[in-house]
Amino acid sequence: MHAMSTVKFAGTIRTITRDGRSGVVELDHIIEGKTFAVISPDTRGRISLMNGVGQLQAGKHVKGEAETGSEALRAISVFAAD
């Protein structure tokens with residue numbers, strides 16, 4: 001099994017799950033053919049993005065590091081960009 005490559009990304013949270021714990025980030029630039037990254041409950045930094053309201057906020061500009069996946073980037077870490 002080969003190691004996944006990691007990339008830096010920046011983009012805007014566009015969609016969040018009903019429970020507010022996961023979301024999809026539309027990337028500012030296409031990275032390795034991908035146009036979005038997924039924030040999951042395993043993503044480091046996700047809790048601090050919830051700003052005490054208990055869910056991610058659509059429209060928030062973020063950046064971080066991700067692994068390349070077959071369909072999207074998988075965010076390893078994420079934080080507010082502004």
Side-chain angles (χ1 to χ4, degrees):
M1 186 167 150
H2 68 286
M4 293 281 180
S5 62
T6 59
V7 294
K8 302 279 187 199
F9 73 91
T12 304
I13 298 174
R14 293 295 180 204
T15 308
I16 57 170
T17 54
R18 190 173 299 153
D19 66 9
R21 295 175 33 161
S22 302
V24 175
V25 176
E26 180 182 354
L27 301 176
D28 290 346
H29 305 285
I30 294 172
I31 300 172
E32 295 193 15
K34 309 299 187 267
T35 58
F36 60 94
V38 176
I39 298 171
S40 73
D42 296 329
T43 304
R44 288 191 313 268
R46 177 184 62 87
I47 300 294
S48 62
L49 284 179
M50 293 180 163
N51 291 330
V53 296
Q55 65 179 25
L56 296 168
Q57 300 295 305
K60 185 162 201 60
H61 196 245
V62 296
K63 57 186 175 180
E65 189 174 18
E67 292 180 331
T68 55
S70 58
E71 301 293 321
L73 300 181
R74 288 189 295 273
I76 300 168
S77 62
V78 66
F79 52 96
D82 2 84

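This chain uses plain numbering: 1 for the first residue, then up along the sequence.
- Between the CD1 atom in Ile39 and the CZ atom in Arg44 there is a gap of 13.5 Å [rounded to 0.5 Å].
- The structure places CD1 of Ile16 at 12.0 Å from CG of Leu49, a figure rounded to the nearest 0.5 Å.
- How far CZ of Arg21 is from OG of Ser40: 9.5 Å, rounded to the nearest 0.5 Å.
- In the hydrophobic cluster analysis, where Ile, Leu, Val, Met, Phe, Trp and Tyr join through side-chain heavy atoms closer than 4.5 angstrom, Val62 is grouped apart from Ile76.
- By the criterion of side-chain heavy atoms lying less than 4.5 angstrom apart, applied directly or through intervening Ile, Leu, Val, Met, Phe, Trp or Tyr residues, Val25 is grouped together with Val7 in one hydrophobic cluster.
- For NZ of Lys34, the number of neighbouring non-hydrogen atoms (other residues, nucleotides, ligands) closer than 6.0 Å is greater than 12.
- At least one side-chain heavy atom of His61 sits less than 4.5 Å from a side-chain heavy atom of Asp28.
- Looking only at distances, a side-chain donor or acceptor of Thr17 sits under 3.5 Å from a matching main-chain atom of Ser22.
- Side chains of Thr35 and Leu27 form no contact here, defined as non-hydrogen atoms less than 4.5 Å apart.
- Considering only heavy atoms from C-beta on, Gln57 stays 4.5 Å or farther from Ile13 through its side chain.
- Side-chain contact between Thr68 and Leu73 is present, with at least one heavy-atom pair separated by less than 4.5 Å.
- Summarising the geometry, atom CE belonging to Met50 is positioned 8.0 Å from atom CD belonging to Gln55; distances are rounded to the nearest 0.5 Å.
- Contact of the Phe79 side chain with the Lys63 side chain is registered, since non-hydrogen atoms from C-beta on lie closer than 4.5 Å.
- In this structure, the side chain of Thr15 does not engage the main chain of Val24 through any donor-acceptor pair within 3.5 Å.
- Counting all heavy atoms, side chain and backbone alike, Phe9 lies closest to Ser77 at CE2-O, 3.9 Å.
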